[in-house]
Each structure stands twice: as structure tokens, then as C-alpha cells.
Amino acid sequence: MAFSLIKRLPFILTIFIVLLFSSNVVLAFASNKSAVQMKGQEVDALLKWKDSLDEPTNCLLCSWNFVHHNSTSSDLKADINTSPCQWVGITCDESGHVIHIDLSFSGLGGTLQFFNFSSFPNLISLDLSHNFLHGSIPPHISNLSKLMYLDLAVNNFSGNVPSEIGLMASLRCLLVHYNQIAGSLPWTIGMLKSLDVFVFSYNNLTGPIPASIGNLIELRALNLRYNKLSGSIPREIGKLRSLSAAFLSHNKLTGRLPASIGNLGKLTILHLHDNRLSGLIPMEIGMLISLKELVLTNNSLTGPIPATLGNLKNLTSLYIVNNKLTGFIPKELESLKCLRELCLHSNSLQGPIPTSIGNLSILEFLDLGFNKLSGFIPPEVLLLKSLNWIGLNDNGLTGSIPASVANLGSIEFLYLYHNHLSGTIPLELGKLQSLIELDLSTNNLSGPIPASIRNLSNLTLLYLHNNMLSGSIPSTIGNLTKLTELELSINHFSG
């Protein structure tokens, strides 16, 4: 018996191999058939969506077409010819599945209501930006389970943000700016834990920023500016330790700036201007050692400028305009050696202009106007040779204009009006040949207009009114051929 079985073994092995091969062929065919069916779904979905779009203004989607073959389902070659991989805006993987759709700047009009998202299980990126698409963002967009990049920016989308968007767990970049999206941000946004870039600016979003935003620990860029968001900035924002840029300006945010913001050690840009924030600027803001731009303009912030701002060694722009700040300008600002723009006007700051500002050697823009500053103009400030704008107007400054003003060789705009400055206009002003606008009005300046004023050949505006200037108006003022505004009234001129 055993011998008989051994004798028949080659035959049995042959049968086994034949069966195994046949099985593999069946599996392979079934797999190929499944793949072809999936590709067919992608083609059908794209063509149905194309047919739903408005009449095209161009022929960019003319390639989205194919000739049906009279073939059986086993005719793989014929079915593969229906692949959309050669169509404009479509990219496929090695298996022929659609993984990228880029139809940006294509003049498309219509909606997404007839886009069958479930037909694209392998889609990684979808870019429909800069078109004329409208309607709402469909909830079933969440069927794009592998999508990492979604760009719907610069369209006419409206409606609310679907809460189902939180199901797109692979999403890393979400761009929906310049649309008409309304309603509040759903708490499900916090489920997008892989999100790296989140931009919903220039929409009509209302309601608060959800506290769940603190779950987006991978987030590097947050842009919600130009909406109608209200409520306070959630303290959970301090959990976004990877955040590099935060744009929350031009909303209706209220309350205090949370101290937890000091945890954002990688933050380089913080724009909170044009809101309704109140209370003190937290001293923890000095912990943002990577910060380069800080803009808190047009709020209702009170109290002093925290001395801890001196820790922000990388800061290039500091704007805290039109708030209710009080106290002195902290001398610690002298540590901001990278600062190019310092703008603190329209507050209630008092005391002298700190001479330490003279240490900001690359400062280009200095505006301290509309405060309650007093004392002399520090000569040290007039040694900043990179300055092209100085605004010290509407304060209580006294003394004369220092002759060292001649060091400001790059100055283009010099505003010293509405102070209590006295003495004569220094001859050295004539060396500022880059000057475009000069306003010394409403002071106590006396003596003649210096003849050297004729050297200011680029001057377009000259305001010297409401002083005690005397003597004759120099005829050489006629050399200022670019001058469009000249105001000399309320003085003691003769001749």
C-alpha cells in the first residue's frame, strides 16, 4: 500500500501544482477585475462630476473623455484603456489609481454635490483652488480617508464647516481661505491630530475658537484672520508647541491674552491686531524667544508694556498701536537688536523717550506719536542712521531739535508736530536730502526758516504752521519743485 502511494506521488504532486496554479490564476484574475472595477468607478465619478459643472470657459477638461469598448469584463486591456491617468490634472500611482487631483486655476464653476468622494479611496491630495466653485462643502468629503492635502481656497463656497471633516484623520494641510464659509468651527476640528497647516482666513466664521484646537499638537501654521470670530482665545492654544505662525487678526475676539501663550516657544509670528482684546499684556509673552513679529494693534489692552519683551532677541517688528497702554517705555527694549519696526503710537505712555532706543542700530521705523511722552528728544535716537520714518508727534516733548538730526541720512518722513519744541529750526535739516515729508507744526519754534531748506529736493510736504517763526519766507523755497503741500500760517513772517 505504501509502495503504491509512493508510486503515485508524482501524479498527485502534478495534480496539486495544477490546482495551485489554477487557484492563483483565479485569484489574480479576480484581483485584476477588482482593480479594473475600482478604476472604472474613478472614471465614472470624474465624468459625472464634469457633466455637473457649469459651462466651461476653456477646454482644460476636454481630455476627460474616453471611447467605450465593446468588451467583456475579462478584457483587461480594453478596460485599462479607460484609465484617467493621462487626463489633465490627474495623477495616478503605479497601479493606475488616482492619487492626486489638481485643477487649480482651471476656471471651474459648479458645486461639489455630485462629486462621489467614496470612489477615490487612494486620493492623497485634492486642489480645487482659484476657481468659481460654490455651494457648501459636502459632509461626504470625509470619505477621502487617505487625503493629506485639501485646498479649496479662493472660490465661492458657502454654508457651514461640516462636522464630518474631523473624520479625515490623515489630513495634514487644510486650506479654505477666501470663501464665504459661515457658522462656527466645529469641535471636531480637534480630531485632525495630523494637521500641520490650518487656513480658514477671509470667510464669515462666527462663534468662538473651539478649545479642542489644543489637540492639534502637530500644527505649525494657524490662520483665521478676517472672520467674525468672538469669545476669548482659549488657553488650550498653549498646547500647540509646534506652532510657528498664528494669524488671528481682524476678528471680534475679546478677553485677556492667555498666559499659556508663553508655551509657544517655536512661534515666530503672532498677529492679534484689530480685535477687542483687553487686560494686561501677560509677562509670559517674553518667553516667546523665537518671535519675530508681534502685532497687537487696535485692541483695548491696558497697563504697562511688560519689560519681559526685552527677552525677544529675534524680534524684528513690534506693533502695539491704538490701545490703552500706560507707564513708561521700558529700557529693556534696548536688547531688541534685530528690531526694524517699533510702533507704539496712540496709547497713554508717559515719561521720557528712553535713550536706550539709540542702541537699536538697524531700526528703520520709529513711531511713538499720540502719547503723553515728555522731556527732550534724545540725541542718541538721532544717531540711528537706518531710520527712514520718525513719528514723535502729539506728545509733550520740550527743548530744541538737536543738530544731530543731520545724522539721519536715510530719513524720508519726520513728524515732530504737536509738541512744545522751542528754539530755531537747525540748519542741519538741509542735509536730509531723502526727506519726503517734514512736519514741525504746532510747536514753539522761532527764528527764520533756514536757507538750507532749499536742499530738500525730494520734499512733497512741508508743514511749519502754528509756530513763532519770523523773518522773510526764503525765495529758495521755490527750488522745492516736488512740493505739493506747503503750510506756513500762524507765524510772524514779514517781508
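What you see is a predicted model; the values in this text were computed from it and never measured. Heavy-atom basis, side chains included; hydrogens, waters and symmetry copies ignored.
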Asks: Rounded at 0.5 Å granularity, tell me how far CG in Leu53 sits from CG in Leu103.
Replies: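 Spacing of CG (Leu53) from CG (Leu103) equals 9.0 Å.
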Asks: Are side-chain heavy atoms of Val405 and Pro402 found at a separation under 4.5 Å?
Replies: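 No, their side chains stay 4.5 Å or more apart.
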Asks: At their closest point, which heavy atom of Ser410 faces which heavy atom of Lys385, and how far apart are they?
Replies: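 Between these two residues, the closest heavy atoms are OG-O, 3.3 Å.
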Asks: Under 3.5 Å, is there a donor on one side chain and an acceptor on the other for Asn458 and Lys482?
Replies: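 Asn458 vs Lys482: donor-acceptor pair found between side chains.
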Asks: Can you tell which of Leu309, Thr316, Leu288 makes a side-chain contact (heavy atoms from CB on, under 4.5 Å) with Leu294?
Replies: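 One option only clears the test, and that one is Leu309.
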Asks: Can you give me the closest heavy-atom contact between Ile362 and Leu339, atom names plus distance?
Replies: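 Smallest interatomic distance, heavy atoms only, reads CG1-O, 3.6 Å.
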Asks: Could you go through Glu487 and Ser489, starting from their C-alpha distance and side-chain angles, then the distance that decides it, and tell me whether this counts as side chain to side chain donor-acceptor pair (under 3.5 Å)?
Replies: CA-CA 6 Å; Glu487 176 63 273; Ser489 64; 2.8 Å; yes
Asks: Hey, could you give me the CG/CG distance between Asp274 and Asn299, rounded to the nearest 0.5 Å?
Replies: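 These two atoms lie 7.5 Å from each other.
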Asks: Do you see a donor-acceptor pair shorter than 3.5 Å between the side chains of Tyr417 and Asn393?
Replies: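 Distance-only check passes for Tyr417 and Asn393.
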Asks: Using atom types as modelled, flag every donor-acceptor pair under 3.5 Å from a side chain in residues 176-186 to any protein atom, sequence neighbours excluded.
Replies:
from	atom 1	to	atom 2	distance (Å)
Asn179	OD1	Asn155	N	3.3
Asn179	OD1	Asn156	N	3.3
Asn179	OD1	Phe157	N	3.0
Asn179	ND2	Leu152	O	3.1
Asn179	ND2	Val176	O	3.2
Asn179	ND2	His177	O	3.2

Asks: Apply the side chain to side chain donor-acceptor pair (under 3.5 Å) test between Tyr319 and each candidate in His273, Glu341, Glu293; give the one that qualifies.
Replies: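 Exactly one option meets the side chain to side chain donor-acceptor pair (under 3.5 Å) with Tyr319, and it is Glu341.
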Asks: Other residues, nucleotides and ligands only: do more than 12 of their heavy atoms fall within 6.0 Å of CZ on Phe376?
Replies: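 No.
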Asks: Drop me the distance from Lys146's NZ to Leu123's CG, to the nearest 0.5 angstrom.
Replies: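 Rounded to the nearest 0.5 Å, the NZ-CG separation comes to 10.5 Å.
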Asks: Who passes side-chain contact (heavy atoms from CB on, under 4.5 Å) against Asp151, sequence neighbours left out?
Replies: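 By the side-chain contact (heavy atoms from CB on, under 4.5 Å) rule, Asp151 matches Asp127, Ser129, Tyr149, Ala153, Leu175.
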Asks: Provide the closest heavy-atom pair for Val161 versus Leu205 in the form atom of the first, atom of the second, distance.
Replies: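 Closest approach of Val161 to Leu205: CG2-CD2, 4.1 Å.
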Asks: Quick one: ring-ring contact (aromatic ring centres under 6.0 Å, His included) pairs with a partner in residues 452-479, sequence neighbours left out?
Replies: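 Checked against ring-ring contact (aromatic ring centres under 6.0 Å, His included) - neighbours excluded - the pairs reaching residues 452-479 are Tyr463-His465.
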Asks: List the atom of Pro234, the atom of Pro258, and the distance in Å for their closest heavy-atom pair.
Replies: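 Looking at all heavy atoms of both residues, the shortest contact is O-CG, 4.2 Å.
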Asks: Please find the pair of heavy atoms, one from Ile453 and one from Leu438, that lie closest to each other, and give the distance.
Replies: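 Smallest interatomic distance, heavy atoms only, reads CD1-CD2, 4.4 Å.
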Asks: Which heavy-atom pair separates Leu344 from Asn371 by the least distance, and what is that distance?
Replies: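 Heavy atoms of Leu344 and Asn371 come nearest at O-ND2, 3.2 Å.
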Asks: Check whether any side-chain heavy atom of Leu240 sits under 4.5 Å from a side-chain heavy atom of Leu264, and report yes or no.
Replies: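 Yes, their side chains come closer than 4.5 Å.
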Asks: Hey, what do you get for CD1 (Ile289) to CG (Leu267), rounding to the nearest 0.5 Å?
Replies: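 The distance works out to 11.5 Å.
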Asks: Classify the angle between the aromatic ring planes of Tyr202 and Tyr226 as parallel (below 30°), tilted (30 to 60°) or perpendicular (above 60°).
Replies: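 Parallel: the ring planes of Tyr202 and Tyr226 meet at under 30°.
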Asks: Which residues satisfy the side-chain contact (heavy atoms from CB on, under 4.5 Å) test with Asn444, sequence neighbours excluded?
Replies: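 Listed in chain order: His420, Ser422, Met468.
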Asks: Is there a side-chain contact between Gln350 and Ser374 (heavy atoms, below 4.5 Å)?
Replies: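 Counting from C-beta outward, Gln350 and Ser374 never come under 4.5 Å.
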Asks: Hey, does the side chain of Asn275 reach the backbone of Asn251 with a donor-acceptor pair shorter than 3.5 angstrom?
Replies: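 Side chain of Asn275 to backbone of Asn251, a donor-acceptor pair under 3.5 Å: yes, one is there.
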Asks: My understanding is that only residues two or more places apart in sequence, or in another chain, count here; which of them pass side-chain contact (heavy atoms from CB on, under 4.5 Å) with Leu325?
Replies: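 Only Ile281, Leu301, Ile305, Ile320, Asn323, Asn347, Leu349 meet the side-chain contact (heavy atoms from CB on, under 4.5 Å) criterion with Leu325.
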Asks: Which value, rounded to the nearest 0.5 Å, describes the distance between Ser142 atom OG and Ile137 atom CD1?
Replies: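 Interatomic distance, Ser142 OG to Ile137 CD1, rounded to 0.5 Å: 12.0 Å.
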Asks: Does a sphere of radius 6.0 Å around NZ in Lys228 hold more than 12 heavy atoms from other residues, nucleotides or ligands, not counting ones at 6.0 Å or beyond?
Replies: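 No, not enclosed.
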Asks: Would you find a donor on one side and an acceptor on the other, under 3.5 Å apart, between the side chain of Ser249 and the backbone of His271?
Replies: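 Checked: no pair found.
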Asks: Please, which pairs that meet ring-ring contact (aromatic ring centres under 6.0 Å, His included) have at least one residue in residues 473-495, sequence neighbours excluded?
Replies: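 Non-adjacent pairs meeting ring-ring contact (aromatic ring centres under 6.0 Å, His included): zero.
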Asks: Using 0.5 Å steps for rounding, measure from the CD atom of Glu218 to the OG atom of Ser242.
Replies: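 It comes to 5.5 Å.
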